[in-house]
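Here the structure is laid out as structure tokens; the discussion comes afterwards.
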Amino acid sequence: IMEIIVQKFGGSSVANTDKLFNVCKHITKEKNKGNSVVVVVSAQGDTTDDLIKEENEITEKPNKREHDVLVSVGEQITIAKLAMCLQKQGYEAVSMLGWQVPIITDSNFGDANITKIKTGKILKELKTGKIVIIAGFQGIDSNSNITTLGRGGSDTTAIALASALKAKKCEIFTDVDGVYSEDPNKNENATKFDKLTYDKMLEMANNGAKVLHNKCVKLAKEKQVKIIVKSTFLEESVGTVVEK
Ligand code: ASP
Ligand code: MG
């Protein structure tokens with residue numbers, strides 16, 4: 001029986017080619033243990049912000065459908081590059097956009113909610129031994145329109161996939177080694193939590209802890225998905241476990 005693990009890497013973790021190769025280490029470590037690995041990635045660095053700036057050069061009031069077509073582009077670049085990095089290292093990998101999975105959402109452009117994920121194609125690829133790399137933040141509505149899930153939405157993609165695939169865990173890689181009481185870059189007395197309940201994490205997300213998107217914590221609580229927040233840049237990061 002395959003144990004499925006979902007790993008999510010945010011924009012700062014995949015910001016350039018060196019960082020993409022760094023991410024490969026975390027992925028292949030789980031793959032080498034015999035796990036089936038599904039990876040969710042964000043757009044590289046400031047790509048999404050840059051796309052929005054370029055959009056604003058055209059209009060401050062973009063058509064909502066076209067806004068989502070534009071801002072979803074960054075993740076397509078990341079999935080292709082990451083698949084190539086893994087292939088270069090001798091691993092079989094395949095990229096998928098939201099519509100290719102498909103990740104089905106409502107039609108609330110810019111802040112869509114996932115209504116269903118069809119897991120057949122992912123499971124088929126995993127069975128052949130491939131690492132599956134999925135674009136975060138995007139889906140497709142019932143009229144084949146591309147949708148996006150709201151800024152920071154790749155976390156939500158990862159949790160929704162972990163739930164749909166009945167994954168053992170969902171690892172969220174970021175630039176800090178877990179969830180802290182305060183921003184550890186600003187306050188040296190900030191303490192790290194080893195373990196948090198969904199409710200405590202939600203309380204902190206509402207109070208501005210930027211580590212996890214609040215929508216994603218709610219979804220994790222509802223679906224009882226175990227989240228592990230850990231550092232992309234440390235070899236051995238224990239991180240923070242968020243569960244009930
Ligand atoms: N790239 C999107 C954003 O910057 C989604 C994400 O990073 O999770 O909001
Ligand atoms: Mg981003």
Side-chain angles (χ1 to χ4, degrees), residues 6-17 19-20 22-23 26-27 38-56 62 64-83 95-103 105-106 108-114 117 132-141 145-164 170-176 179 201-202 205 208-220 225 227-233 242:
V6 175
Q7 297 184 318
K8 181 259 172 179
F9 299 92
S12 59
S13 299
V14 295
N16 57 41
T17 305
K19 287 181 178 175
L20 284 170
N22 173 62
V23 156
H26 296 290
I27 299 169
V38 173
V39 182
V40 176
V41 283
S42 296
Q44 293 184 281
D46 296 327
T47 305
T48 310
D49 288 324
D50 292 344
L51 289 167
I52 292 171
K53 272 185 212 142
E54 290 169 27
E55 173 182 81
N56 288 336
K64 287 183 172 174
R65 179 186 184 279
E66 303 312 330
H67 168 84
D68 278 8
V69 175
L70 179 63
V71 299
S72 60
V73 165
E75 277 71 10
Q76 180 162 350
I77 299 172
T78 322
I79 59 171
K81 287 185 181 175
L82 185 57
S95 67
M96 286 187 201
L97 289 164
W99 67 267
Q100 293 175 308
V101 174
I103 295 172
T105 73
D106 59 24
N108 193 12
F109 296 116
D111 195 21
N113 287 301
I114 296 173
I117 297 180
V132 179
I133 306 184
I134 297 174
F137 177 55
Q138 57 175 260
I140 187 164
D141 76 1
N145 295 306
I146 288 170
T147 54
T148 63
L149 309 179
R151 296 303 308 269
S154 299
D155 286 348
T156 306
T157 304
I159 300 295
L161 276 165
S163 167
C170 183
E171 296 183 320
I172 306 268
F173 287 86
T174 176
D175 47 15
V176 287
V179 182
M201 185 66 236
L202 267 178
K210 279 173 295 174
V211 223
L212 285 180
H213 206 218
N214 141 332
K215 213 171 171 180
C216 112
V217 185
K218 278 192 196 145
L219 186 65
V225 175
I227 312 176
I228 299 155
V229 181
K230 49 160 75 166
S231 167
T232 311
F233 303 111
V242 185

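Note that ligands are numbered from 1 as they come in the structure, with each ligand's atoms numbered from 1 the same way. These values consider heavy atoms only, across backbone and side chains, with no hydrogens, waters or symmetry-generated copies.
Contact annotation: H213 has no heavy atom less than 4.0 Å from any atom of ligand 1. Using 4.0 Å as the threshold, G153 has a heavy atom nearer than that to some atom of ligand 1.
Atom OG1 of T157 is separated from atom CD of Q138 by 8.0 Å, given to the nearest 0.5 angstrom.
Side-chain atoms of D68 and T148 form a donor-acceptor pair, as typed in the model, at a separation below 3.5 Å.
For the pair K215 (side chain) and L149 (backbone), a donor-acceptor distance under 3.5 Å is present.
An N or O contact shorter than 3.5 Å links T48 to ligand 1 by distance.
For ligand 1, the atoms sitting less than 4.0 Å from at least one non-hydrogen atom of F137 are 2 (C), 5 (C), numbered in the order shown with element in parentheses. In summary, the atoms of ligand 1 found under 4.0 Å from a heavy atom of R151, numbered by their order in the structure, are 3 (C), 4 (O), 9 (O). The distance from ligand 1 to the heavy atoms of G152 drops below 4.0 Å at these ligand atoms: 3 (C), 5 (C), 6 (C), 8 (O), 9 (O).
What you find for S72 and I146 is that their closest heavy atoms are OG-CG2, 3.6 Å. Summarising the geometry of T232 relative to N22, their closest heavy-atom pair is O-ND2, 3.1 Å, with the distance given to 0.1 Å. Of all heavy-atom pairs between E75 and G136, the closest is CG-O, 3.3 Å.
Nearest-heavy-atom check against atom 6 (C) of ligand 1 across S12, G11, A135, S154 picks out S154.
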